[in-house]
Amino acid sequence: MQIGVIGVGMIGQDHIRRLTTTLAGASIIAVSDVDAKQAQEVAARIGAKTYATGEELIATTEVEAVIVASWGPTHGRYVLACIAAGKPCFCEKPLAETVEDCEAVLDAETKHGKRLVQLGFMRRFDAQYQAMKQTILSGQIGAPLIFPSGHRNSSVPGYYTANNALTDTAVHDIDIARYLLDDEPVAISVKAPRKNSRGSGLADPLLTLIEMRLGALVAIETSVNIAYAYDIRGEVIGETGVVTLAERNNVVVKANGMFSGRVPADWRERFADAFDAEFRAWIAAAKAGGAAGPSTWDGYVATITSGIGVKAIASGGREMITLSERPALYSAN
Ligand code: ISE
């Protein structure tokens, strides 16, 4: 399958590496980026052609499927262009930055009548989260009641704001909570303890509480300046048991009277296998003209929930989340 990539920053380049060196079944023939020099450099490395705009890349006949990994505010319009061209599209989060733009994509795809869009919520392809979901489905821990989800980054870039903790970081926890609990959010509130002094004044960490329709509570800790590593925690507490994400080291080292194991440096390391699985699924689905896993609906719910979370930061109160009716095209989480 011949693929075009829009946006060749950190994540775009990581996906290009993955598709050109690790996975089979796809070749990248087209590249576009607002930074033309960067696009040229990446394209020269892999023998692809550069395009001045994402729209031109999407319109190119030889491009059979598209990866959107550009700056968030541009996603919605590229995804819409892919749907208009009938081309399968993998889109990093967010699907679009505003609810209206997400609704426009929902509209376009439902009119098309078939899924074309896959969202980059890679945690759904992580073996540990999948095992957690299987455990919940098996009934072993009873009905889920509370899901504490820890999302820790060692540091974040200077432009990162407290709102990004919701729209950029907790958005992954929001999506995985919906997937694990098979449920939708109804209300959100956000509390902040005293600030981590490493954060140059950033309101960090944050504790986000989400109430789900069936009554479970999701408590998301975002700590984005925690220095020690990239650490993703999670535990679902049910009526009769708990299921917890285990440490995922291949080995434990015992030395000098201590035992230890590696904690990943960043999301590329922690979710490397999940990203591979996500793209294997996408390549297979896109070859068949469709999409797999997280959908436009999931992108819409993530944008609306994180957006209302931003409102909850400002109000300091509990904000309600109202979703539109889920179209039949997106029947399951
Ligand atoms: C980043 O955009 C991601 O998607 C990472 O998974 C997340 O851990 C990080 O906080 C975000 O900024």
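Counting convention: from 1, in listed order, for ligands and their atoms alike. Just so we're clear, the structure is a prediction, and the values are computed from it rather than from any experiment.
Considering backbone and side-chain N/O of H151, one or more are found under 3.5 Å from N/O of ligand 1.
Distances from ligand 1 to the non-hydrogen atoms of E92 include no value under 4.0 Å. Taking 4.0 Å as the cut-off, F271 does not count as a neighbour of ligand 1 on heavy-atom distance.
Closest protein heavy atom to atom 4 (O) of ligand 1: H172 NE2, 2.9 Å. In terms of protein heavy-atom proximity, atom 10 (O) of ligand 1 is nearest to T169 OG1, 2.7 Å. Of the protein's non-hydrogen atoms, the one nearest atom 2 (O) of ligand 1 is K93 NZ, 2.9 Å. Protein heavy atom in closest approach to atom 9 (C) of ligand 1: N153 OD1, 3.3 Å.
Atom OH of Y228 has more than 12 neighbouring heavy atoms from other residues, nucleotides or ligands inside a 6.0 Å radius.
Considering only residues two or more places apart in sequence or on other chains, D204 meets the side chain to side chain donor-acceptor pair (under 3.5 Å) condition with N225. Under the salt bridge (Lys or Arg N to Asp or Glu O under 4.0 Å) criterion, E56 pairs with no residue, sequence neighbours left out.
Figure legend: cation-pi geometry between K133 and Y179, with NZ or CZ positioned under 6.0 Å from the six-membered ring centre and within 45° of its axis.
Panel note: side chain H75, backbone E92; a donor-acceptor pair is recorded below 3.5 Å.
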